[in-house]
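In what follows, every chain begins at residue 1, and chains take the letters A, B, ... in the order their sequences are listed. As the structure is a prediction and not an experimental result, all values here were calculated from the model.
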2 protein chains.
Amino acid sequence: MISINYRDGRPIYEQVRDGYRQLIITGVLPMGSKMPSVREVSASLTVNPNTIQRAYRELEAEGYIVSVPGKGSFVAERGEADSIRREELLSRFRTLLPELRQVGTNKDTLVNLIEEEYNV
Amino acid sequence: MISINYRDGRPIYEQVRDGYRQLIITGVLPMGSKMPSVREVSASLTVNPNTIQRAYRELEAEGYIVSVPGKGSFVAERGEADSIRREELLSRFRTLLPELRQVGTNKDTLVNLIEEEYNV
DNA sequence: TTAACTGTATTAAGCCACTTAATACAGTTA
DNA sequence: TAACTGTATTAAGTGGCTTAATACAGTTAA
């Protein structure tokens with residue numbers, strides 16, 4: 001379902017977390033669908049179960065999945081999870097702007113990039 | 001001159017590097033001016049000299065300062081350094097856009113943030 | 001009911017980046 | 001000459017990430 005990159009400096013649990021978050025946000029994993037079990041992901045990626053557990057724990061804290069002992073983990077209803085994530089991304093966006101301006105980035109350059117993104 | 005935050009998860013050398021880069025970009029440290037010596041910063045922040053040396057080494061690699069053994073480190077001419085940094089920031093900006101869109105961020109929200117930033 | 005699954009928790013160990021520490025060397029400057 | 005500068009090296013400590021080996025409780029299908 002997802003893949004990890006050992007040359008990536010980021011911890012494996014972050015790569016797993018971000019990978020599944022992306023699958024959920026893009027709708028590849030629809031609401032209510034069952035996530036692969038911790039042990040399944042662990043086996044398919046040849047990674048310790050504890051590492052996957054940590055990724056799932058964080059996804060649950062973010063509101064993207066719901067874990068039920070004995071049953072499994074399931075993709076949660078979105079909405080609140082998205083708004084939490086949106087604020088996080090907007091915060092990074094706002095941080096980026098003054099820095100871009102300081103190094104001489106043109107305003108139109110940025111607006112054009114946005115136009116391109118939304119005109120697809 | 002700058003401060004570091006131990007609760008921040010980022011390494012100290014990154015905080016020092018980013019802090020001085022900011023001082024240079026904003027013009028607080030003008031072109032050609034002398035940077036505080038590695039030992040001075042080390043003493044004022046109560047941090048090992050090697051840690052500061054690493055921050056300076058990276059700032060020099062980025063083109064923001066020039067270090068001369070025996071004389072000191074000096075703020076370099078900007079231009080090339082800024083363009084390297086600008087591409088770095090633009091890359092992050094481009095990465096952020098599809099993610100923001102996916103979680104339902106409105107295009108005008110982003111454009112307005114840019115307008116505000118540049119209308120100051 | 002039993003067997004095989006599920007999430008969850010714990011303890012111990014290893015690895016590696018970051019950091020500290022203690023020196024050392026060469027060039028510069030007052 | 002003495003005190004500064006950047007730079008380099010080696011050794012050790014710390015903490016986060018990861019692995020490993022279990023264990024427990026709840027769920028589910030045979």
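B/N50 places none of its side-chain heavy atoms less than 4.5 Å from the side chain of B/Y13. The shortest distance between side-chain heavy atoms of A/Y20 and A/V41 falls below 4.5 Å. Taking the side chain as every heavy atom from C-beta outward, B/I4 and B/V47 approach each other to under 4.5 Å. The side-chain heavy atoms of B/L90 and A/L113, taken from C-beta on, include a pair separated by under 4.5 Å. The closest side-chain heavy-atom distance from A/T105 to B/Y118 is below 4.5 Å.
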Mind listing the side-chain donor-acceptor pairs of residues 95-104 of chain A below 3.5 Å, one per line with the distance, residues two or more places apart or on another chain?
{"from": "A/T95", "atom 1": "OG1", "to": "A/S91", "atom 2": "O", "distance (Å)": "2.9"}
{"from": "A/E99", "atom 1": "OE1", "to": "B/R85", "atom 2": "NH2", "distance (Å)": "2.8"}
{"from": "A/R101", "atom 1": "NH1", "to": "B/E117", "atom 2": "O", "distance (Å)": "2.7"}
{"from": "A/Q102", "atom 1": "OE1", "to": "B/Q22", "atom 2": "NE2", "distance (Å)": "3.0"}

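Of the residues near DNA chain D, B/R57 and B/K34, the one whose nearest nucleotide (by heavy atom distance) lies more toward the 5' end is B/K34. Checking B/R39 against B/T46, the closest nucleotide of DNA chain C that is more toward the 5' end is the one next to B/T46. For the pair A/V47 and B/N50, both in contact range of DNA chain D, the more 5′-proximal nearest nucleotide belongs to B/N50.
In terms of the ring pair (Phe, Tyr, Trp, His ring centres under 6.0 Å) criterion, residue partners of B/F93 (sequence neighbours excluded) are, by chain and number, A/F93. Under the rule for a salt bridge (charged side-chain N to carboxylate O under 4.0 Å, His left out), the partners of A/R21 that lie at least two apart in sequence or sit in another chain are A/D18, A/E62.
Within the 4.0 angstrom heavy-atom criterion, only backbone atoms of the sugar-phosphate kind lie near B/E40; the bases stay farther away. Within 4.0 Å of A/Q15, counting heavy atoms only, lies no atom of the nucleic acid at all. Within 4.0 Å of B/E60, counting heavy atoms only, lie sugar-phosphate atoms of the nucleic acid but no base atom.
Within residues 63-78 of chain A, the residues approaching DNA chain D are A/P69, A/G70, A/K71, by heavy-atom distance under 4.0 Å.
In this structure, B/Y13 places its OH atom 10 Å from P of C/dA17, rounding to the nearest Å. Computed from coordinates, the B/L45 CG to C/dT19 C1' distance equals 14 Å when rounded to whole Å.
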Dot-bracket line, read 5' to 3' along DNA chain C, where crossing pairs take [ ] and | marks a partner on another strand, Watson-Crick or G-U under 3.5 Å = ||||||||||||||||||||||||||||||

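Put simply, chain A comes within 4.0 Å of DNA chain D, heavy atom to any atom, from D/dC17 to D/dT28, going 5' to 3'.
B/E88 has no carboxylate O lying under 4.0 Å from a charged side-chain N of B/R92, or vice versa, which leaves the two without a salt bridge.
Hydrophobic clustering (side-chain heavy atoms under 4.5 Å, transitive across Ile, Leu, Val, Met, Phe, Trp, Tyr) keeps A/I24 apart from A/V66.
More than 12 heavy atoms of other residues, nucleotides or ligands sit less than 6.0 Å from atom NZ of B/K34.
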